[in-house]
Amino acid sequence: MPLSKKIFYVILAMLIGFASVSAYGFSAQVVASPQDKKMEWWFNQPANSAPHVIQISSVYFHQEFSLFSFFENASIKDGKFHIKYTITSTDPKGKKTIVAKDIVQKGSKASKSIIVASTEIVGACFDKNNPDGLYTFEISAKDEISGETSTSKTHLRVVDWNAPIPMNDKKEVVNAIFNFYKNPSPESLYMIFYSNELNLEQRGAPNDLNYIYAGFFRSAFMRNSFLTPFLRDKFPTMSPLDRAKTIYLFALMDEARIDFNILTESEKKYQDAMRKANIPAPYAKWDKILGAVQIDLLWGEFFADGTYKPIRRIMDLLAYTEEGNFTLRMLTEKRRPKNREEWEKMMMGAYHSAALNSILDYASQFELIRNYCRWAIQNKDIPESSFKLLGEISEKK
């Protein structure tokens, strides 16, 4: 993705703790981050936008994270660049390990100043066989065209998990959910979910559940699955409210049930009810009855991880323009569907409108959603009939 030098230094300002970078020479950086390995947050950005790179300085045992590599001022020859790099780690006892060796990155770019993000992502996780303390990750890279080399380091402290105190303000909880993707952390997730101010209900919705929250917590806790054993161990000493939340969460995640022997009679009934609840898979065929639930689950997933995938799935509904017009006529004329075919057409039209309105609404509030929409438009990654519908987004900065 093309980026100007100015934008690169904005990114570097966010990557606190790195060695200084030459304004002109070849430079390599390595970042420890909880962000998605597919890097949609980088590659699915419109031209001249600055991706939000999240760096973490500490990680818990069994918490998954990734090492992302970036290169500035890689030389080009005939429009091509060629980089080779190695990443090593040094543990608190001084033991060195090669975690990525002689990785080659080749490709095309229009100018030397464009930043290269490696597509070879190193996934990592520490277990109790590793010592706690400060780890150092060092990248050593060579520009195979110019012959220049660059090294830099980043540090990551491995610590034991200690549950933080939950939030106690309702507005803070809501704000934290909708901005979680900007700086995701297991601490924030725990503080949100076990807050007494969190309301998981939504009147009138199937099972009376808030499905944006359901999609959010399912995705966020699955990305922080190291918390699951802790929650299971802590369950017996939890408050009744927190026990109910944990039963709900494990059902959403399709985790093994809580042992019936430690449940009250009402908790047993609640666990059975949650396991029987009809929660459609968001990426399955659009459900004619629960399509709105699928849309909400997808939005919840986005707010949990900031990926493009759920938004692109919602965009699939924009192809149902004809159905949308049909539904509008039916509502305007106050007509009922004559048969099942008309009823299904009307429902898909309603989901078309719900998808469009939610995309336009959230795009006006959240820059990353707006950027994903602009990228989809620029790269024609949306249904052809949708370009006019989303045209106003492409014009906003």
Side-chain angles (χ1 to χ4, degrees), residues 177-178 199-219 248 251-254 273-304 307-366 369-370 372-373 376-377 380-393:
I177 290 173
F178 287 96
N199 184 4
L200 294 168
E201 298 180 346
Q202 183 174 312
R203 289 185 181 180
N207 304 306
D208 288 328
L209 293 177
N210 183 317
Y211 284 98
I212 291 181
Y213 287 5
F216 171 81
F217 288 117
R218 177 165 63 185
S219 297
Y248 160 87
L252 284 180
M253 297 172 66
D254 199 25
M274 278 304 306
R275 296 289 170 159
K276 293 176 183 177
N278 184 11
I279 302 177
Y283 293 96
K285 182 179 179 182
W286 291 109
D287 192 295
K288 298 300 189 299
I289 298 176
L290 298 175
V293 169
Q294 290 172 292
I295 294 173
D296 282 353
L297 289 169
L298 290 163
W299 280 120
E301 180 182 333
F302 166 80
F303 289 114
T307 56
Y308 173 73
K309 181 181 177 182
I311 294 177
R312 179 60 186 83
R313 173 60 174 155
I314 294 171
M315 287 179 179
D316 285 340
L317 286 167
L318 300 183
Y320 294 90
T321 304
E322 180 183 341
E323 289 81 355
N325 292 332
F326 174 78
T327 301
L328 182 60
R329 287 197 304 272
M330 294 285 283
L331 294 174
T332 301
E333 298 170 9
K334 298 180 179 180
R335 289 199 296 116
R336 292 179 177 273
K338 296 177 182 178
N339 49 45
R340 183 174 182 82
E341 183 180 349
E342 279 198 352
W343 176 80
E344 291 185 355
K345 189 173 183 178
M346 188 172 180
M347 292 303 295
M348 293 308 299
Y351 299 148
H352 164 85
S353 298
L356 175 60
N357 290 334
S358 64
I359 289 172
L360 293 174
D361 182 29
Y362 283 136
S364 69
Q365 299 179 58
F366 301 96
I369 296 175
R370 188 160 60 250
Y372 279 152
C373 290
I377 293 168
K380 298 182 178 180
D381 192 39
I382 55 176
E384 189 173 345
S385 60
S386 306
F387 284 97
K388 290 183 179 180
L389 296 175
L390 297 182
E392 63 183 77
I393 293 177

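Being a predicted model, the structure only gives us computed values, none of them experimental. Note that the numbering runs from 1 along the sequence shown for the chain.
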Handout entry: Pairs meeting criterion side-chain hydrogen bond (donor to acceptor under 3.5 Å, both in side chains) with involvement of residues 288-302, two or more places apart
Key =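 The answer is Y283-E301, W299-S358.
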Exercise for the section: Under the side-chain hydrogen bond (donor to acceptor under 3.5 Å, both in side chains) rule, collect the residues that match up with R329, sequence neighbours excluded. Expected result: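 Once residues adjacent in sequence are excluded, R329 has no partner under the side-chain hydrogen bond (donor to acceptor under 3.5 Å, both in side chains) criterion.
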Problem - side-chain hydrogen bond (donor to acceptor under 3.5 Å, both in side chains) partners for S353, two or more places apart - result: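 S353 satisfies side-chain hydrogen bond (donor to acceptor under 3.5 Å, both in side chains) with no residue once adjacent residues are dropped.
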Partner residues of [X] under the side chain to side chain contact (heavy atoms under 4.5 Å, CB included) criterion, sequence neighbours left out:
{"X": "N278", "answer": "L290"}
{"X": "K338", "answer": "R335, E342"}
{"X": "E341", "answer": "N339"}
{"X": "A354", "answer": "I295"}

In chain order, what residues pass the ring-ring contact (aromatic ring centres under 6.0 Å, His included) check against [X], with sequence neighbours excluded?
{"X": "Y351", "answer": "none"}
{"X": "F302", "answer": "Y181"}
{"X": "Y308", "answer": "Y372, W375"}

Problem - Any donor-acceptor N/O pair, R312 side chain to D381 backbone, under 3.5 Å - result: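 Yes.
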Extract all donor-acceptor atom pairs below 3.5 Å that involve side chains of residues 343-350 and protein atoms in other chains or at least two apart in sequence.
| unit_1 | atom_1 | unit_2 | atom_2 | d |
| --- | --- | --- | --- | --- |
| E344 | OE2 | R340 | NE | 3.2 |
| K345 | NZ | E322 | OE2 | 3.4 |

Identify every side-chain donor-acceptor pair in residues 202-213 under 3.5 Å, counting partners at least two apart or on other chains, and give the distances.
| unit_1 | atom_1 | unit_2 | atom_2 | d |
| --- | --- | --- | --- | --- |
| N207 | ND2 | Y211 | OH | 2.9 |
| N210 | OD1 | I212 | N | 3.1 |
| N210 | OD1 | Y213 | N | 3.0 |
| Y211 | OH | P206 | O | 2.8 |

